[in-house]
Protein chains: 2
Amino acid sequence: MVEVKPVEIVVDSREASSRIGEALSALPGVSVQTAELSSGDYLVAPGVAVERKEALDLIASILDRRLFEQVGKMLGEHDRAIVLVEGDPYKTGRDVAVEAIDGALAWLACLSGVHVMYSPSLAVTPRLLWRMAVQLRHGLGYEIPLRGNKPKQPWAQAQFIVEGLPGVGPTTARALVAHFGSARAVLCASEEDLRAVKGVGPKTAASIVQALVSGI
Amino acid sequence: MVEVKPVEIVVDSREASSRIGEALSALPGVSVQTAELSSGDYLVAPGVAVERKEALDLIASILDRRLFEQVGKMLGEHDRAIVLVEGDPYKTGRDVAVEAIDGALAWLACLSGVHVMYSPSLAVTPRLLWRMAVQLRHGLGYEIPLRGNKPKQPWAQAQFIVEGLPGVGPTTARALVAHFGSARAVLCASEEDLRAVKGVGPKTAASIVQALVSGI
DNA sequence: ACTTCCGATCCTTGA
DNA sequence: TCAAGGATCGGAAGT
């Protein structure tokens with residue numbers, strides 16, 4: 001049985017009965033609320049607004065400068081603003097200078113202060129809104145593991161553990177384990193003792209001890 | 001007469017001779033510098049790094065977790081980080097769950113702290129880099145908002161070391177470091193003490209000690 | 001990134 | 001108090 005993570009998404013009243021509103025309701029654990037949003041189309045978390053810009057609409061709002069106004073308004077009214085570009089703005093068929101599109105996208109990414117997200121199509125948009133909502137509400141379902149796969153053979157484990165130390169690669173790890181006899185002995189060693197090992201200088205020794213004694 | 005706005009763009013040495021490097025040099029007013037960047041592919045302004053991710057490469061780096069590592073590194077080393085996604089990640093032909101792509105894009109936009117930009121193709125990428133550079137250098141008198149980026153937190157290092165232990169993943173690693181106060185304390189703990197931590201039973205505790213005391 | 005699956009852990013029950 | 005059962009959580013592997 002898969003866990004369903006409940007999320008609330010607020011949909012602007014003008015969009016509520018759209019295909020996206022329906023698709024959102026159909027996703028597991030989503031409760032769709034409707035409200036009149038003065039800026040943005042969706043609230044994907046409290047204070048996080050999303051403005052959906054279908055490619056053609058994006059071009060239009062670049063040309064008539066509505067985009068900048070809308071973005072400014074969103075930023076003023078919410079903690080975080082995201083522009084969700086749906087479709088390829090370079091392939092709308094509208095007769096518009098590519099420089100204008102380049103400029104608008106660059107501005108959005110660098111200067112505007114909003115975040116930008118891309119959806120290839122209307123079909124994907126609801127999933128992305130949902131995923132954002134889940135992540136913002138529940139965080140990632142797990143921690144991002146800090147290191148890759150670990151060995152299963154016990155003899156390799158000692159070396160692998162020691163390799164986690166800063167400045168220590170495979171060669172030094174082997175030297176350390178050989179010198180001290182076990183991983184535990186390495187990890188309990190003093191800075192002085194560590195320096196005695198070939199490949200470990202004052203700098204590495206210091207950072208090892210530093211890493212080991214630092215707590216949360 | 002068209003005004004040419006001079007900009008400098010730093011290209012990582014590995015990318016310098018690529019088609020993009022050449023295309024950048026050909027753009028008006030662009031002076032391309034080369035440097036070895038430890039993270040990111042381009043510096044589009046001082047302190048503003050751009051990582052180019054071709055769609056297929058994006059998928060690959062999601063699967064092997066490289067993406068998160070790279071993003072973290074960029075955020076730590078620059079004032080501002082931008083991921084430039086080139087192409088449609090949903091159409092790479094790679095056999096990957098769409099949920100994973102949704103999740104990664106949502107994470108990039110909402111949680112990661114980077115900004116995201118989309119380029120439809122390799123041909124457009126240089127133009128977008130250039131446009132960003134121009135806007136950041138000459139753009140409208142805006143200051144680049146600096147988000148404070150601390151270097152890697154020390155507690156992360158402790159957790160990293162502890163994660164090397166058998167049977168210990170991100171969650172348990174955090175519990176262990178929290179319980180014992182430091183990585184060293186965890187590694188010097190007795191089997192008994194280890195068992196007291198939530199998530200560590202007799203079996204895990206035994207294999208941890210086993211790994212620590214075993215030599216090479 | 002997500003999902004599925006499996007095993008270990010933990011928690012409640014009831015004797 | 002303990003054992004047994006099921007619910008829960010974490011890890012590993014695959015997409």
Side-chain angles (χ1 to χ4, degrees), chain A residues 1-5 7 27-30 117-120 124 126-153 156-157 160-161, chain B residues 51 53-72 83 85 88-114 116 159-160 162-179 186 191-211:
Chain A
M1 177 65 184
V2 286
E3 185 193 359
V4 172
K5 302 190 173 182
V7 290
L27 287 166
V30 176
M117 190 165 190
Y118 164 81
S119 167
V124 176
R127 292 205 322 253
L128 290 174
L129 291 169
W130 173 57
R131 194 59 75 176
M132 284 192 279
V134 170
Q135 288 190 1
L136 288 166
R137 171 93 159 71
H138 301 277
L140 296 180
Y142 49 91
E143 309 262 336
I144 296 173
L146 269 46
R147 65 159 79 180
N149 293 337
K150 37 191 142 183
K152 251 190 133 224
Q153 297 79 0
Q157 278 178 357
F160 183 79
I161 293 164
Chain B
E51 168 90 16
K53 277 282 172 213
E54 196 273 323
L56 200 52
D57 189 32
L58 178 72
I59 300 302
S61 55
I62 290 168
L63 292 177
D64 66 12
R65 298 158 180 77
R66 226 169 56 238
L67 178 64
F68 314 101
E69 196 183 295
Q70 287 175 333
V71 161
V83 173
V85 178
D88 187 339
Y90 291 93
K91 298 211 178 89
T92 59
R94 276 287 298 253
D95 186 15
V96 63
V98 291
E99 290 88 352
I101 305 175
D102 294 351
L105 294 179
W107 178 79
L108 282 170
C110 295
L111 296 180
S112 68
V114 299
V116 182
Q159 189 183 326
F160 180 85
V162 174
E163 261 185 48
L165 298 170
V168 177
T171 306
T172 312
R174 264 209 299 171
L176 282 165
V177 174
H179 183 269
V186 173
E191 194 172 327
E192 213 168 51
D193 295 338
L194 289 169
R195 244 181 305 147
V197 176
K198 183 161 174 102
V200 181
K203 201 152 171 169
T204 307
S207 65
I208 289 174
V209 172
Q210 163 67 27

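In what follows, every heavy atom counts, from backbone to side chain, and hydrogens, waters and symmetry copies are set aside. Order of the sequence lines sets the chain letters (A, B, ...), proteins ahead of strands, with each chain counted from 1.
- Atom pair B/Ile101:CD1 and C/dA1:C1' shows a separation of 9 Å (rounding to whole Å applied).
- The backbone N or O of B/Val200 lies less than 3.5 Å from no partner atom in the side chain of B/Thr204, so there is not a single donor-acceptor pair.
- Nearest nucleotide to the side chain of B/Ala100, out of C/dC10, C/dA1, C/dT3: C/dA1.
- Among the atoms of the strands shown, only primed sugar atoms or phosphate atoms (P, OP1, OP2) are found under 4.0 Å from some heavy atom of B/Val168.
- Listed pair B/Lys203 / D/dG10 fails the phosphate criterion, with no side-chain N or O lying under 4.0 Å from OP1 or OP2.
- For A/Arg127 and C/dC2, the CZ to C1' distance is 12 Å, given to the nearest whole Å.
- Closest contact between the side chain of A/Arg131 and the listed nucleotides D/dG11, D/dT15, C/dT3 involves C/dT3.
- Closest to the side chain of B/Thr172, out of C/dA1, C/dC2, D/dG11, is D/dG11.
- B/Ile62 comes within 4.0 angstrom of a base, heavy atoms only.
- For B/Asp95 and D/dA13, the CG to P distance is 19 Å, given to the nearest whole Å.
- Here D/dT15 presents its P atom at 16 Å from CG of B/Asp64, a figure rounded to the nearest Å.
- By the 4.5 Å heavy-atom criterion applied to side chains, A/Tyr118 and B/Asp88 are counted as neighbours.
- What separates CZ of B/Arg94 from P of C/dA1 is a distance of 16 Å, to the nearest Å.
- In this structure, the CZ atom of B/Arg174 is 10 Å from the P atom of D/dG10, given to the nearest Å.
- Contact annotation: A/Gln135 side-chain N/O to C/dA1 OP1/OP2 distance is not under 4.0 Å.
- Look at A/Arg131 and B/Asp102 and you find no salt bridge, because none of the NZ, NE, NH1 or NH2 atoms lies under 4.0 Å from a carboxylate O.
- Using modelled atom types, no side-chain atom of B/Glu163 and backbone atom of B/Ala173 make a donor-acceptor pair closer than 3.5 Å.
- Note on B/Thr171: every side-chain N or O is 4.0 Å or more away from OP1 and OP2 of D/dC9.
- Residue contacts shown for B/Leu63 include a base, since a base heavy atom lies under 4.0 Å away.
- As judged by a 4.0 angstrom heavy-atom cut-off over every strand, B/Pro166 is placed among residues making no nucleic acid contact.
- Nucleotide C/dA8 holds its C1' atom 15 Å from the CZ atom of B/Arg195, rounded to whole Å.
- Atoms CG (B/Leu165) and C1' (D/dG11) sit 14 Å apart, rounded to a whole Å.
- Annotation: the span from B/Glu99 atom CD to B/Ile101 atom CD1 amounts to 9.0 Å, rounded to 0.5 Å.
- Taking only side-chain nitrogens and oxygens, B/Thr204 never comes nearer than 4.0 Å to OP1 or OP2 of C/dA8.
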